[in-house]
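Encoded as structure tokens, the structure appears first; notes follow it.
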Amino acid sequence: MSDEVRVRFAPSPTGYLHVGGLRTALYNYLFARRSGGKFVLRIEDTDRSRYVPGAVEMIVESLRWAGLDYDEGPEAGGPHAPYFQSERLAHYREAADRLVASGRAYPCFCTAERLLAMRKDRQKDQQSTKYDRFCLRLSPQEVEARKAAGEPFVIRMRIPDERAVVVSDIVRGRVEFGTDVLDDQILLKSDGYPTYHLANVVDDHLMEITHVIRGEEWLSSTPKHVLLYRYFGWDPPRFAHLPLLLGADRSKLSKRQADVAVSDYRTQGYYPEALVNFVALLGWNPGYDRDFFALADLVSEFSLERVGKSGAIFDLEKLRWLNAEYLRRRSPSELLDELKPLLAEKGVAGFGDAHLLRIVELMRERITFVREILEKAGWFFADPTEYDAETVTKRWRPGSRDLLLRLLPVVEAESSFDAATLETAVKAFSDREGVKVSDLVHPLRLACTGMGAGPGLYALMETLGREACERRIRKAVETLK
RNA sequence: GUCCCCAUCGUCUAGUCUGGCCUAGGACACCACCCUUUCAAGGUGGCGACACGGGUUCGAAUCCCGUUGGGGACACCA
């Protein structure tokens, strides 16, 4: 039991799930599943001012969409419930008291204004902006008096002097920090809520977390956490700090540079398996040549040893490619099921499954998202209302109108309106009249679709049907000079 | 500014720990050609990188030092 791997993903409910968070969650999930351990979801809601209603639901929903099921956490419950830090305040309070009692922490009455002024001063003198320990010099009597007077105070951890703290990290190896650069971090805020540092350490211990897998932005506060474990007399977990996800400008991926919410990608039509596959490969690789990984494959292949050290740019281009790949792996009937609700949404009705299936088959090689069937080939569902100007210039020749007018009765005369018959008829016509096939085909496409690009002409005409094609050809001949 | 991390094609990366098999491999993107009535998809080929400088060594992308560059952290936010 005690050697069971236990990891956690610990987001704070300040909004949506960030794609960087998704990757962190994924690696935790993979590591847990790979080692037969437990994956815990813990909500770090210790900042009341940043709490966003509905955020927890959004995060849980995104995790579920991605297929990352957790063993313990909100809704799921578990032996270490509650999994909301706001409901665990007593634990932090007690931990802070222990630290104060042992001299590892102390109350501080400094106001925000004083702190600000102090930092400004120290910065001016080119000193670090650490707390100046003003309140460490307070006498016990004075502390009691001010507490009794109801003065608000925080609890700060006391960083030891002249020592080095070594963080041993699975990804980065040994990292050493001098305690002289560490700040007397606030552990308990004046509202009685803990800061991240206290709550995180206390909960990771209480929840028996064995491996802390989180973003690199936490590396520089890890020595404080290591110190806290030592103060409490607890065994620290193993740490693994993941390389950051970067924007195009190589700074930490943020809203400024791209869509960062998992839900954004979902609404844009990305598949969860594409996003998961993509994000898995940002900072990790299997060590051999392979691009496609289902979640189950990742579980069997993942290891923290193969996680890289340098940040990775979140490159939409590759994500899009992956999505198109996954789309092509879907069967036409699966794609049909995805298309139907989109059609309903747009109020497109009156098309049978067989007909829609045909459209899907013609479009699947040409799209990255199912919704693009509507965006790039809306003419399947309604007559074109305009003709692409560039294509008109390029493909609609002086003789086109005449040619189509003469071709129309030939096509109408055919007993069957299928691609093969159509092709034969058009080619025969071109031979007989001594015109190039392309002089027929391009104007025909323009007439039927209003565009210059798309599926094969004969197949598309067959799908459109005799009436629609005739109607569209007549209209084009009328409209285009 | 201080501390910490990082450094292979434009991007994701293999190779680095355990120096030689690397005239550095793959994927995305890009370019060309093939296929083709168009656009895709597919096929073939191409462009394209070990940041720089010192060392160690018979030999360095790989080890060491430095420089430069980039990033992160320095809140009663996580």
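The figures that follow rest on heavy atoms only: side chains count, while hydrogens, waters and symmetry mates do not. Numbered from 1 within each chain, the chains take letters A, B, ... in sequence-line order.
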Output a table of nitrogen or oxygen pairs between the protein and nucleotides 43-46 of chain B separated by less than 3.5 Å.
none

- Nearest-angstrom distance, P atom, B:rC31 to B:rA41: 12 Å
- Query: Do any of residues 418-439 of chain A sit with a heavy atom less than 4.0 Å from RNA chain B, and if so which?
  - Reply: none
- Between A:E273 and A:R329, does at least one N-O distance fall below 4.0 Å, as a salt bridge requires? no
Show me the side-chain donor-acceptor pairs of residues 48-60 of chain A shorter than 3.5 Å, one per line, residues at least two apart or across chains.
residue	atom	partner	partner atom	Å
A:R48	NE	A:D191	OD2	3.1
A:R48	NH1	A:D191	OD2	2.4
A:R48	NH2	A:D191	OD2	2.7
A:S49	OG	A:D47	OD1	2.6

- Task: Please check if the distance between the ring centroids of A:Y92 and A:Y193 is under 6.0 Å.
- Result: no
- Pair A:T393-A:E390, side-chain donor/acceptor within less than 3.5 Å: no
- Message: Suppose we screen for salt bridge (Lys or Arg N to Asp or Glu O under 4.0 Å). Which residues come up paired with A:R93, at least two apart in sequence or across chains?
- Response: A:D97
- Query: Can you tell me how far C1' in B:rA27 sits from the matching atom in B:rA49, rounded to whole Å?
  - Reply: 15 Å
Please list, one pair per line, the donor and acceptor atoms closer than 3.5 Å that link side chains of residues 375-382 of chain A to other protein atoms, with sequence neighbours excluded.
residue	atom	partner	partner atom	Å
A:E375	OE1	A:R371	NH1	3.0
A:E375	OE2	A:R371	NH1	3.1
A:K376	NZ	A:R366	O	3.1

- Query: What residues form a salt bridge (Lys or Arg N to Asp or Glu O under 4.0 Å) with A:D45, not counting sequence neighbours?
  - Reply: none
Which atom pairs, one a donor and one an acceptor, fall under 3.5 Å between side chains of residues 453-462 of chain A and the rest of the protein, sequence neighbours left out?
residue	atom	partner	partner atom	Å
A:E462	OE1	A:A419	N	2.8

- Message: Taking the basic N atoms (NZ, or NE/NH1/NH2) and the acidic carboxylate oxygens, is any pair closer than 4.0 Å for A:D203 and A:R8?
- Response: no
- Message: Strictly below 4.0 Å, N to O, side chains only: are A:E151 and A:K147 in salt-bridge contact?
- Response: no
- Query: Is any NZ, NE, NH1 or NH2 atom of the basic residue among A:D383 and A:R472 found under 4.0 Å from an Asp or Glu carboxylate oxygen of the other?
  - Reply: yes
- Item | Protein-to-nucleotide contact annotation, 5' to 3' order, nucleotides 17-36 of chain B [B base; S sugar-phosphate only; - none; under 4.0 Å, heavy atom] | ---------SBSS-------
- Message: Using a 4.0 Å heavy-atom cut-off, does A:F177 contact any base of the nucleic acid, only the sugar-phosphate backbone, or nothing at all?
- Response: sugar-phosphate
Could you list all N or O pairs between the protein and nucleotides 48-51 of chain B that sit under 3.5 Å apart?
none

- Message: Any salt bridge linking A:R133 with A:D161? Criterion: basic side-chain nitrogen under 4.0 Å from a carboxylate oxygen.
- Response: yes
- Item | Side-chain donor/acceptor contact of A:R366 with base of B:rC39 under 3.5 Å | yes
- Note on the structure: Whether each nucleotide of nucleotides 62-73 of chain B has a protein heavy atom under 4.0 Å at its base (B), only at its sugar-phosphate (S) or at neither (-) is summarised, 5' to 3', as ---------SSS
- Item | A:D132/A:R114 salt bridge by N-O under 4.0 Å criterion | yes
- Message: Categorize A:R48 for me: base, sugar-phosphate, or nothing, with a 4.0 angstrom heavy-atom threshold over every strand shown.
- Response: nothing
- Query: Can you name the residues that form a side chain to side chain contact (heavy atoms under 4.5 Å, CB included) with A:V411, not counting sequence neighbours?
  - Reply: A:L407, A:F417, A:L422
- Pairs where residues 170-180 of chain A contributes a residue and the test side-chain hydrogen bond (donor to acceptor under 3.5 Å, both in side chains) is met, not counting sequence neighbours: A:R174-A:E176
